[in-house]
Amino acid sequence: MKITLPKSFILIRCFLVSLFLFLFLHLFSAHNSKTITTTTKYLRIRPGYSSYEAYLQRQLNKTLNPRLRKIWTTRDWDRKIPVFARFFEDLKDKKLLENTSKALCIGARVGQEVEALRRIGVADSVGMDLVPYPPLVVSGDFHNQPFDNGTFDFEFSNVFDHALYPERFVAEIERTLKPKGVCVLHVALWRRADKYSANDLYSVQPLVGLFKNSVLVHVRSVDGFGLDTEVAFRKVEPPRHRF
């Protein structure tokens, strides 16, 4: 016996299936999307990326460049490590870094910053970049760090300008920092960064707004290989609930 369904029933079923697919795709997209930073007066996101994959590929074009990697591991290795070591020694003098700190260098390429930390006595140090460089640098995306909450006492980065999603970049730092942990950024306020940069920063003010669970503790001018300002934040302890 052939059963013929009413036309109205078929239309309702098609509508419900379409609605389900729409809601599923919307939720899936929202769950997997990165936080998008709105361009403001003092923090401008550079246009031109058709997708996150296109952004990653552009960053990899620099990181995997054979000529640059040779420079980073030879001429730059000997030139930059003593400078980074002086920066970190100054932070130790300011009680923002200790030999016992568990430290992370974000966007560390071949690990010059990590080597500098280890040379001044911060032995438990590691770097993170899209391309690993064992034993100093592990693989990771700074928009989605591969570390547990509250892992590090200290995090350093001089690649904030490479963040396509600065809110996500900072949120991941605050997530992986321990309470009272310190984050130090070297940024360019007065000089424009290179062609691989994804944003341009013109003031410390946007950084203060991005670090929602930290307080600004230190700002100074530096000569950091094209970056001119050092900014330090300390993560606040969560409030204790009284019962």
>> Looking at every non-hydrogen atom in both residues, tell me the closest pair between Ile106 and Gln145 and how far apart they are.
In response: CD1-NE2, 3.8 Å

Can [X] and [Y] be counted as an ion pair, charged N to O under 4.0 angstrom?
| X | Y | result |
| --- | --- | --- |
| Lys180 | Glu237 | yes |
| Glu230 | Arg220 | yes |
| Lys178 | Asp153 | yes |
| Lys102 | Asp124 | yes |
| Asp148 | Arg175 | no |

> Does the side-chain contact (heavy atoms from CB on, under 4.5 Å) test come out yes or no for Leu207 and Leu201, once each step is laid out?
Replying inline: CA-CA 9 Å; Leu207 293 177; Leu201 185 68; 3.9 Å; yes

>> For a side-chain contact (heavy atoms from CB on, under 4.5 Å) check, start with the C-alpha distance between Leu227 and Val222, then their side-chain angles and the critical distance, and finish with the verdict.
In response: CA-CA 7 Å; Leu227 306 177; Val222 294; 5.5 Å; no

Let me check something: any side-chain donor-acceptor pairs from residues 110-117 under 3.5 Å, sequence neighbours excluded? List them with distances.
unit_1, atom_1, unit_2, atom_2, d
Gln112, NE2, Trp72, O, 2.9
Glu115, OE2, Arg119, NE, 3.0

>> Under 6.0 Å from the ring centre and within 45 degrees of the ring axis: does the NZ or CZ of Arg58 meet both conditions for the six-membered ring of Tyr49?
In response: no

>> Here's one to test your reading of the geometry: is the NZ or CZ of Arg109 within 45 degrees of the ring axis of Tyr133 and under 6.0 Å from its centre?
In response: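 Judged by the rule, Arg109 and Tyr133 form no cation-pi pair.
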
> About how many Å separate CG of Leu96 and NE2 of His218, when rounded to the nearest 0.5 Å?
Replying inline: 6.5 Å

